[in-house]
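All values reported here derive from a predicted model rather than from experimental measurement. Heads up: numbering here begins at 1 and tracks the sequence. Computed over heavy atoms, backbone and side chain alike; hydrogens, waters and symmetry mates excluded.
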Amino acid sequence: MRGHLAFMLKYLLHITSHVWQSVSVLYPYYKGGEKRPCGECVGGMEEFPVRTVEGLCLGTSLAISGLFFYIYRKKRKSVDKLNEAPHINLDGKLADLLNVTPGKCLQYVVIEGAVQPVGEPLRSQYQEGSVGVVQKLMLREHKLVWNSLAHTWMDSECVLHQRVNTVPFSLVGSDQANVRVLCPLEASELKMEILHEKFHQATYGFTDIVGQYLSGEKPKGQLETEEMLKVGATLTGVGELILDTDRVLKLRPPTDGSEYFLSTADFETLRLEQEDQAVVWRVLASVFALAGAAVLLWVGCRYYRSLRVCWEQERLKREFETLGAGGSGATQQGSREQETPLENDCVICLTQLRSCVLLDCGHVCCCYSCYQALPQPICPICRQAINRVVPLYQA
């Protein structure tokens, strides 16, 4: 997780540096033969407002990407441990091997064997003659729930009742060698055989239908299932193998925090499934990271466009100031000779000369100071939108 955050920070700084390089190279200001950036416009990112939606999207994308990357790293670590785990044959020599091993323990091994109960097995409630060591009884309710956003009924499922029964069991190999399996409910990938599955359709009358539309829920029925890990099934276990004081082999969850596996599939299938899951989490983390980078790039481009607009306004202001300085003497002399306003005076302030052309309408009606003071970029004469303004040069 820490490495992912460092990578994202490095990427953000890389994008920001490229934006500033584009700003300095593509649109510089020149005055007196030297580059002169606009001091009023380039005030830093702290003066540029980041919209709430943009900040929310950026933060959410990076947070979800970090979460998915953390899950990917954890899954990748499990896959690497699986690839490095040694395969142990379950035979009579296994106890002697552990007896000479330091600590009488193998931290992470793969072992396969047939499921056999230590005592009396569990019996199926619905299928006669079926016995097992782990039994799961579950009752689920299926219903339709009204989604006000999508304006449609959507499927929903909730567990009404669940019960799991277990009995001690072992994995039996050749020479009747066996390994006691501890804490089977803590293992991952323990997929059991479905022995019973029955759907009970819901029945309701007219008042029930009215109540369903008022409450926004339509019960479809209840699904009753029974799953069982049957006696004699081949089971692949991945965990910590120890030799107890009474020379009983036991497979338990690893004490170093590694993932504990019990699967009815073979080891190669288990390994490929874990690798596929790791790839999925990596793809999801990459997608959300790219989404965050896209939001950041969008904010950078919007900031650059705002800088260009500010630079353009500053350039026009300088041109109008230059024109005003050159014609101020003639304007003051003309104002002394005439007591009535000139025909080319600004229609807004009536004191300055008309000095700009409003485009696209083409009206020449105001000075640049009054143009900047307009509450909206609309021509005072024809009320048409002003797309750009150019200085008026008078002879």
Side-chain angles (χ1 to χ4, degrees), residues 52-72 74-75 122-166 184-230 233 262-265 269 273-274 276-288 290-292 295:
T52 305
V53 176
E54 295 171 344
L56 182 63
C57 291
L58 179 61
T60 303
S61 299
L62 295 182
I64 296 178
S65 175
L67 176 62
F68 286 166
F69 186 81
Y70 170 76
I71 299 175
Y72 160 71
K74 189 175 180 180
K75 185 61 66 174
L122 298 171
R123 300 188 180 277
S124 173
Q125 297 184 6
Y126 301 97
Q127 192 175 95
E128 186 178 358
S130 296
V131 293
V133 294
V134 181
Q135 181 188 47
K136 181 189 290 186
L137 301 171
M138 187 176 297
L139 182 64
R140 300 186 185 93
E141 182 184 25
H142 292 260
K143 57 185 176 180
L144 295 175
V145 178
W146 176 255
N147 191 322
S148 57
L149 296 178
H151 295 282
T152 184
W153 294 92
M154 302 187 67
D155 289 324
S156 177
E157 178 184 320
C158 64
V159 178
L160 298 179
H161 176 73
Q162 178 176 322
R163 188 178 68 186
V164 180
N165 302 320
T166 62
L185 299 182
E186 297 181 13
S188 303
E189 302 297 326
L190 183 58
K191 299 176 183 178
M192 298 179 287
E193 182 181 351
I194 299 177
L195 300 182
H196 173 75
E197 188 174 29
K198 185 176 181 180
F199 187 78
H200 301 275
Q201 186 73 33
T203 57
Y204 33 78
F206 177 75
T207 56
D208 296 328
I209 296 176
V210 175
Q212 291 168 9
Y213 278 96
L214 293 177
S215 62
E217 293 185 358
K218 287 183 179 181
K220 296 173 61 178
Q222 296 178 353
L223 180 63
E224 185 181 47
T225 59
E226 180 188 22
E227 300 178 15
M228 179 174 286
L229 179 60
K230 299 177 68 174
L262 290 176
S263 175
T264 54
T269 302
E273 288 179 353
Q274 296 301 309
D276 291 341
Q277 292 179 16
V279 170
V280 170
W281 288 117
R282 183 179 63 181
V283 170
L284 290 175
S286 302
V287 168
F288 280 94
L290 290 177
V295 173

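Between L262 and P184, the closest heavy-atom pair is CD1-CA, 3.7 Å. For the residue pair L149 and N147, the shortest heavy atom distance occurs at N-OD1, 2.9 Å. A pairwise comparison of heavy atoms in W153 and Q212 identifies CH2-O, 4.1 Å as the closest pair. Taking each heavy atom of P219 and A202 in turn, the nearest pair found is O-CB, 3.7 Å. Nearest approach of L229 to T264, heavy atoms of both residues: CD1-CG2, 4.0 Å.
Put simply, NZ on K198 and CG on L223 are 11.5 Å apart, with the number rounded to the nearest 0.5 Å. Atoms OG1 and CG, on T225 and L139 in that order, are 8.0 Å from each other to the nearest 0.5 Å. Distance check: H142 NE2 to D155 CG gives 9.0 Å after rounding to the nearest 0.5 Å. Residue W146 holds its CH2 atom at 14.0 Å from CD of E217, rounded to the nearest 0.5 Å. Of the inter-residue distances, the one linking L190 atom CG with L185 atom CG reads 7.5 Å to the nearest 0.5 angstrom. For the atom pair CD1 (I194) and CE (M228), the distance works out to 13.0 Å, reported to the nearest 0.5 Å.
Partners of R123 according to the salt bridge (Lys or Arg N to Asp or Glu O under 4.0 Å) rule, which considers only residues two or more places apart in sequence or in another chain, do not exist here.
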Hey, mind stepping through K230 and L195 against side-chain contact (heavy atoms from CB on, under 4.5 Å) and telling me if it holds?
CA-CA 10 Å; K230 299 177 68 174; L195 300 182; 4.1 Å; yes

Dump the intermediate steps for side-chain contact (heavy atoms from CB on, under 4.5 Å) on Q277 and V280, then the final yes or no.
CA-CA 5 Å; Q277 292 179 16; V280 170; 5.6 Å; no

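Among Q135, H196, Q125, the one residue that satisfies the side chain to side chain donor-acceptor pair (under 3.5 Å) test with E226 is Q135. Considering F68, F69, Y70 as possible partners of W281, the one that fulfils the ring pair (Phe, Tyr, Trp, His ring centres under 6.0 Å) test is F68.
Judged by distance alone, with hydrogens and angles left aside, the side-chain atoms of S65 form a donor-acceptor pair with the main-chain N or O of A285 at under 3.5 Å. In terms of modelled atom types and a separation under 3.5 Å, the side chain of Q201 and the main chain of K220 share a donor-acceptor contact.
Between E227 and M138, the closest side-chain pair of non-hydrogen atoms is not below 4.5 Å.
For the 3.5 Å distance criterion, the side chains of K136 and Q162 fail to qualify, holding no donor opposite an acceptor.
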